Trainee: 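Submitted below is the structure of interest, expressed as C-alpha cells.
None of the values given here were measured: they were computed from a predicted structure. To find a chain, count down the sequence lines: A is the first, B the second, and so on, and within it residues start at 1.
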There are 2 protein chains.
Amino acid sequence: MATSRYSSQRAAILGNLQSRIDHPSADVIYTDIKKTMPTISLGTVYRNLQVLCDNGQVRKISFSDQIVHYDANMANHHHFVCKKCHSIYDIEISTFQNENIEHSVETVEVVYHGICNACQEK
Amino acid sequence: MATSRYSSQRAAILGNLQSRIDHPSADVIYTDIKKTMPTISLGTVYRNLQVLCDNGQVRKISFSDQIVHYDANMANHHHFVCKKCHSIYDIEISTFQNENIEHSVETVEVVYHGICNACQEK
DNA sequence: CTGACTGCAAAAGCTTTGCAGAGCC
DNA sequence: GGCTCTGCAAAGCTTTTGCAGTCAG
C-alpha cells in the first residue's frame, strides 16, 4: 500500500466487483465500467485487479476455462461451478459443514496454497 | 469409446502423463514426447488431452496461472501449490484427514463441480 | 475403403507490457 | 515536481482450428 495512489479507475473497479455476487472476468468488469467511464482501458482493469490482489482486497479464482475470475468477497467460502451453464455460486462454510449444498455436486476439487517444505528450508 | 481409434501419439501422451508425478502443461508434455517422437505436433497433444479428458482417463486442473495442467491420477486426492516455486504436490485424502500436510498451508480453495439447481429443473 | 487422426500453420482468445502523457500528493 | 497511474496499441502466451494428407480397422 505504501506506493498506492487513489485513482478513480481503481475505485470504480473495486466498487464494481464489490457490488456483484457473480465472479466476473476482467473483460466483464471492463465492459461494465465502460458504461459509466467510457475512456477506461482494458489494460488498466488488468493492472488494477493485480494491484488489488496484491493488497489483499480481491482474490483470483480460476476454474477449468482458462479465464481468471475475480472475487471481492474475502471471507472464507467455497465455490460451486455448474458444468452446464458455467454459473459460479458462493458456498458458505456453514452450509458446507452441514453438507447442505443446494446443487448436485459431482466432484470436489481442493487446492491448498502456501510455501512448500523445499522453499521453506532455503 | 465408440468412435475412438488407437494411435501411437495418443498412447505416448497417456503413457507420458501416467509415468509422471508432477502435473505438466500441454507444452511440457509435448516437449517431452518430442524427444522420442520428433514429428508429433502440439496441436495433436492438445487434441488428445481433450479426448482423454472426455474419456475420463485424465483430468484438467487449473490454478491461478492461466495454464491448464493435466493429471492422470484419477483417484480422489487434493493438491498443494507452492506460491514460491509453483510446484504442485499431490495430497492424499488420508493425509488430509490428519491435517498432516507437510507443507505450510496458508489458504485453501474448494471448488465443487456439478449441475446447479436451475439447470436440473430445465 | 472409410473416417478418425495427424502435422502444419494460421487464427483466436486472454493477459501483459512499452511508451508517452496525465494526474495525484 | 516527482512518481504513480492511465490510455493506447502492440506483443506474448496458451489453446483452438482449418486443411490436406495419413493410417488404423
Trainee: To the nearest angstrom, how far is A/Asp27 atom CG from C/dT16 atom P?
Mentor: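 Roughly 13 Å, once rounded to whole Å.
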
Trainee: Could you tell me how far apart A/Gln50 (CD) and C/dC14 (P) are, to the nearest whole angstrom?
Mentor: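 The distance from CD of A/Gln50 to P of C/dC14 comes to 18 Å, rounded to the nearest Å.
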
Trainee: In terms of hydrophobic clustering (I, L, V, M, F, W, Y; side-chain heavy atoms under 4.5 Å; direct or indirect links), are A/Ile33 and A/Leu42 co-clustered?
Mentor: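 In one cluster with A/Ile33: A/Leu42, yes.
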
Trainee: Could you tell me whether A/Asn48 contacts a base, only the sugar-phosphate backbone, or nothing, with contacts defined as non-hydrogen atoms closer than 4.0 Å?
Mentor: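 Sugar-phosphate: the residue A/Asn48, judged by heavy atoms under 4.0 Å, touches backbone atoms but no base.
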
Trainee: Taking the nucleotide of DNA chain C with the nearest heavy atom to each, does B/Lys34 or B/Gln66 sit closer to the 5' end?
Mentor: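 By nearest-heavy-atom nucleotide position, the 5'-most residue is B/Lys34.
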
Trainee: For A/Gln9 and C/dG21, give me the distance from atom CD to atom P, rounded to whole Å.
Mentor: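 Those two atoms, CD and P, are 19 Å apart.
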
Trainee: Taking atom types as modelled, find out whether B/Asp71 and B/His79 have a side-chain donor-acceptor pair closer than 3.5 angstrom.
Mentor: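 Side-chain D/A pair, B/Asp71 to B/His79: present.
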
Trainee: Can any side-chain N or O of B/Gln120 pair as donor or acceptor with the backbone N or O of B/Ile115 at less than 3.5 Å?
Mentor: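 Yes; at least one donor-acceptor contact below 3.5 Å.
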
Trainee: From C-beta outward on B/Ser41, which listed nucleotide comes closest to its side chain: D/dC8, C/dG7, C/dC5?
Mentor: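 Minimum distance to the B/Ser41 side chain belongs to C/dG7.
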
Trainee: Hey, which of these two, A/Lys60 or A/Ser8, hits DNA chain C nearer its 5' end, going by closest nucleotide?
Mentor: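 First, find each residue's nearest nucleotide; the 5'-ward one identifies A/Lys60.
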
Trainee: Please state whether the phosphate of C/dC5, meaning OP1 or OP2, lies under 4.0 angstrom from any side-chain nitrogen or oxygen of B/Ser7.
Mentor: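 No.
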
Trainee: How many Å lie between CG on B/Leu49 and P on D/dT14, as a whole number?
Mentor: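 Whole-Å distance recorded here is 15 Å.
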
Trainee: May I ask you to say what B/Leu42 touches in the nucleic acid, namely base, sugar-phosphate or nothing, with a heavy-atom cut-off under 4.0 Å?
Mentor: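 Base contact - B/Leu42 has a heavy atom under 4.0 Å of at least one base atom.
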
Trainee: Rounding to a whole Å, what distance do you find between B/Tyr6:OH and D/dT22:P?
Mentor: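 After rounding, the gap between these two atoms is 21 Å.
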
Trainee: From D/dG7, D/dT15, C/dG7, pick the nucleotide closest to the side chain of B/Tyr46?
Mentor: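 Nearest listed nucleotide: D/dT15.
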
Trainee: Take atom CD1 of A/Ile67 and atom P of D/dT14, then tell me their distance rounded to the nearest Å.
Mentor: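 Value for this atom pair: 17 Å.
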
Trainee: What's the closest nucleotide to the side chain of B/Val68 if the choices are D/dC5, D/dT15, D/dT6?
Mentor: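 Among the listed nucleotides, the one closest to the side chain of B/Val68 is D/dT15.
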
Trainee: Just how far, in rounded Å, is P of D/dC23 from CD1 of B/Ile40?
Mentor: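 Distance, rounded to whole Å: 14 Å.
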
Trainee: May I ask you to decide if A/Ile61's main-chain N or O and A/His69's side chain share a donor-acceptor pair within less than 3.5 Å?
Mentor: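 No; judged by distance alone, with no hydrogens or angles, the pair does not exist.
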
Trainee: Using a heavy-atom cut-off of under 4.0 Å over every strand shown, decide if A/Arg47 touches base, sugar-phosphate, or nothing.
Mentor: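 Base contact - A/Arg47 has a heavy atom under 4.0 Å of at least one base atom.
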
Trainee: Can you check the B/Arg10 CZ to C/dG7 C1' distance for me, whole Å?
Mentor: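 It is 15 Å, rounded to the nearest whole Å.
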
Trainee: Give the C-alpha distance, both sets of side-chain angles, the deciding distance and a yes or no for side-chain contact (heavy atoms from CB on, under 4.5 Å) between A/Phe63 and A/Ile88.
Mentor: CA-CA 10 Å; A/Phe63 308 113; A/Ile88 301 166; 3.1 Å; yes

